[in-house]
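Shown next, in structure tokens, is the structure this report addresses.
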There are 2 protein chains.
Amino acid sequence: MAQIRDVARRAGVSPATVSRAFSDPAKLSKDTLARVLAAATDLKYKPSSLAQLFREKRTNTVLVMVPDIANVFFARVVSGIERGAVESKLNLVVSDTGDDMDIERVGIEMVQTYRADGLIQLGERPLNELLPNEEHAQIPFVQAISADPRGAYPTVGIDDRSSSAMMARHLIAQGHRRIGVIAGLQNRLVTQERLKGIKDAIADAGLDFDDTIVEYAPYSMGGGEQAAQRLLSRARHLTALFCMSDEIAIGAIRAAHDLGYDLPGDLSISGFDNIEFGKYCTPPLTTVMQPAEKIGEVAMALMSDMLTGQDMPVVHEMLPTELVIRSSVQNICGE
Amino acid sequence: MAQIRDVARRAGVSPATVSRAFSDPAKLSKDTLARVLAAATDLKYKPSSLAQLFREKRTNTVLVMVPDIANVFFARVVSGIERGAVESKLNLVVSDTGDDMDIERVGIEMVQTYRADGLIQLGERPLNELLPNEEHAQIPFVQAISADPRGAYPTVGIDDRSSSAMMARHLIAQGHRRIGVIAGLQNRLVTQERLKGIKDAIADAGLDFDDTIVEYAPYSMGGGEQAAQRLLSRARHLTALFCMSDEIAIGAIRAAHDLGYDLPGDLSISGFDNIEFGKYCTPPLTTVMQPAEKIGEVAMALMSDMLTGQDMPVVHEMLPTELVIRSSVQNICGE
DNA sequence: CCTTGCAATGAAACCGGTTGTATAGAATGC
DNA sequence: GCATTCTATACAACCGGTTTCATTGCAAGG
């Protein structure tokens with residue numbers, strides 16, 4: 001591959017001039033510029049990014065750590081981040097961490113060793129659990145989705161508590177009183193927040209929350225299926241199931257089907273996220289829309305701001321959610 | 001951040017010695033090594049990857065071009081590639097190209113400018129459509145999934161034709177004679193190959209292929225839904241629908257439901273890919289299992305071989321597929 | 001005792017760009 | 001017409017490691 005020297009020699013100028021021909025063409029005379037560009041095209045010259053990056057000590061690359069890229073919800077957020085990256089002319093490295101702390105630490109090391117300029121974390125593990133002391137202050141960091149919005153770094157997500165309450169209110173308004181909950185993993189912040197939202201709504205309606213009809217499950221279809229089996233065989237007279245993700249809900253639908261329930265007549269089921277498959281379920285899933293792509297875009301925009309050095313205040317963006325009403329939740333007021 | 005000079009000074013050695021302490025510790029005396037390592041830890045020294053990569057002129061990074069990362073099937077392949085990357089100690093950059101030639105060209109440029117060492121293409125666009133002349137000979141390139149297995153570069157995928165024939169034979173064996181086809185995009189190689197497979201099976205069974213009951217659609221749920229609507233309202237007496245992807249099949253199930261079909265009694269539907277959601281459909285989807293993760297792993301293994309400079313013959317791996325029988329296809333022999 | 005060989009280490013070149021500073025020539029001002 | 005300013009370009013340092021080659025010191029061999 002041709003180098004800057006080769007182009008310089010062919011155009012009869014110095015390497016510095018060739019460099020400027022690309023970075024600041026206005027500085028050159030029309031004549032020289034034309035000669036340099038011609039030489040560059042002739043030799044098919046492409047500047048080595050490696051050399052440029054080394055010189056400038058920035059990679060223009062952002063590392064995204066995703067707990068599971070095969071999860072459709074995360075994949076959509078990553079899509080949004082991608083869009084934002086293109087807009088900010090940044091590159092993207094996606095790392096599937098499998099929620100493993102050691103892999104996340106490797107990611108941090110990539111920033112420390114100049115392989116990436118910043119870090120977007122989609123998991124909920126805060127930076128200070130990964131890094132000792134104050135080292136993290138130097139790392140441009142944005143946390144998306146299930147972040148604690150009181151941390152020292154910017155976060156983007158939704159208001160889990162109120163969004164969850166919104167759905168719970170909907171279920172109550174449809175006449176449901178005994179609402180089983182299939183929550184996500186118990187130790188997760190999201191899970192706790194959404195649970196609080198449900199309790200809020202139930203308390204507001206003057207009802208009592210029955211915590212014996214809560215099951216915890218991994219955020220997956222298989223997890224939802226098993227948890228629903230457990231819950232449905234244990235608790236009687238449930239009229240609705242509040243699932244903390246669409247995948248959990250889809251698993252729950254399968255379980256209910258297999259146990260002989262006629263859906264949605266015998267049992268209403270609600271989800272959370274609004275993944276595309278929800279629309280194609282039988283019955284189509286009533287759920288809470290999370291603006292996944294938008295979350296990604298905003299996360300990237302925040303990162304871009306941090307990298308361009310503007311000393312921004314630490315913001316915690318909460319994007320609006322919406323109730324998506326389809327037919328998996330039925331009105332049982334008439335009964 | 002501390003540099004090699006700082007460590008050298010603190011340990012009372014030259015930078016060369018520090019460098020060797022990490023790359024080839026056996027070359028140093030026990031005493032010096034210990035001193036250097038101590039100094040490095042004290043100063044929290046991390047060598048700048050940027051400088052190392054620049055020196056070595058390789059990034060240890062592979063670029064993966066995906067037409068749509070939010071597509072679960074692709075996401076699974078990427079997962080497999082990730083696993084392979086970890087194993088080969090390579091980094092991964094994932095680019096969602098949206099099947100756009102210009103974005104793919106940018107990807108190629110990343111290799112040409114030393115930002116990535118090689119390229120894995122998940123789309124079906126061959127390299128020689130993207131690059132003029134013989135330039136592509138220099139680019140380590142592996143094409144996965146829907147590649148033409150006669151090209152000049154390695155490919156990994158399945159035998160689309162025979163896998164498709166396998167499913168078609170299954171439908172025929174279950175008594176189906178009028179089988180509608182919801183194919184993918186017409187101009188795609190995969191689509192054509194899978195269509196050939198269907199024709200093979202139909203011919204082998206001594207039947208005639210009716211190409212008026214074929215509809216083409218994008219490889220998506222929405223595409224499948226619309227195509228199924230068109231086909232079902234146009235063609236009468238179909239007993240089965242051969243869908244070229246699970247997403248298409250899921251869309252078709254929705255369409256058939258909405259048109260009042262009782263599934264699978266009135267109509268059998270088959271998919272292709274074996275994505276996780278297929279198991280949770282109503283009815284659960286009969287499909288062809290593609291080893292998505294495995295395809296990714298093999299693709300990365302081939303790439304790793306190419307990069308370690310072993311002059312391998314150009315291989316075209318065809319991984320085995322399997323029929324996954326669930327209940328969306330019914331036996332109608334008794335009728 | 002002198003030569004040879006090897007182990008341990010340092011000096012300096014190098015990777016391929018970018019950029020601050022110097023310089024030559026042209027244009028402008030009085 | 002000479003001093004001044006500006007424009008276009010070249011020179012050389014620099015980014016932070018790695019690696020080649022040279023050098024030193026010590027052990028082994030003749």
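A, B, ... follow the sequence lines: proteins, then strands. Residue 1 opens every chain. All values below come from the heavy atoms of this structure, side chains included, with hydrogens, waters and symmetry mates left out.
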Within residues 13-26 of chain B: residues closer than 4.0 Å to DNA chain C (heavy atoms): B:Val13, B:Ser14, B:Ala16, B:Thr17, B:Arg20
Heavy-atom side-chain contact between B:Leu90 and B:Leu307 under 4.5 Å: yes
Verdict with supporting geometry, A:Glu293 and A:Arg83, salt bridge (charged side-chain N to carboxylate O under 4.0 Å, His left out): CA-CA 9 Å; A:Glu293 283 91 356; A:Arg83 266 218 294 281; 5.6 Å; no
Interatomic distance, B:Thr61 atom OG1 to A:Arg115 atom CZ [nearest 0.5 angstrom]: 4.5 Å
Atom of A:Val36, atom of A:Ala11 and distance for their closest heavy-atom approach: CA-CB, 3.9 Å
Ring geometry between A:Tyr153 and A:Phe141 (parallel below 30°, tilted from 30 to 60°, perpendicular above 60°): perpendicular
Beyond-backbone contact of A:Val78 with A:Val66, side-chain heavy atoms, under 4.5 angstrom: yes
Between P of D:dT9 and CG of A:Leu33, the distance in whole Å: 9 Å
Nearest-Å distance for atom pair CG/P, residues A:Leu53 and D:dG17: 16 Å
Separation of D:dT9 C1' from A:Asp31 CG (nearest whole Å): 13 Å
Interatomic distance, B:Gln3 CD vs D:dC14 P [rounded to whole Å]: 13 Å
Heavy-atom side-chain contact between B:Val190 and B:Tyr219 under 4.5 Å: yes
Between C1' of D:dC14 and NZ of A:Lys57, the distance in whole Å: 11 Å
A:Arg55 CZ to D:dG17 P, straight-line distance once rounded to whole Å: 15 Å
Residues B:Asp6 and B:Arg10 bridged, charged N to O under 4.0 Å: no
B:Glu56 CD - D:dT20 C1' separation (whole Å): 15 Å
Whole angstrom value for the distance that separates P of D:dA10 from CZ of A:Arg5: 15 Å
CG-CE distance between B:Asp99 and B:Met65, expressed to the nearest 0.5 angstrom: 10.0 Å
Residue mapping more 5' on DNA chain C - nearest nucleotide basis, B:Ser29 or B:Tyr114: B:Ser29
Nucleotides bounding contact with chain B, strand DNA chain C, heavy-atom threshold 4.0 Å: C:dA8 to C:dG16
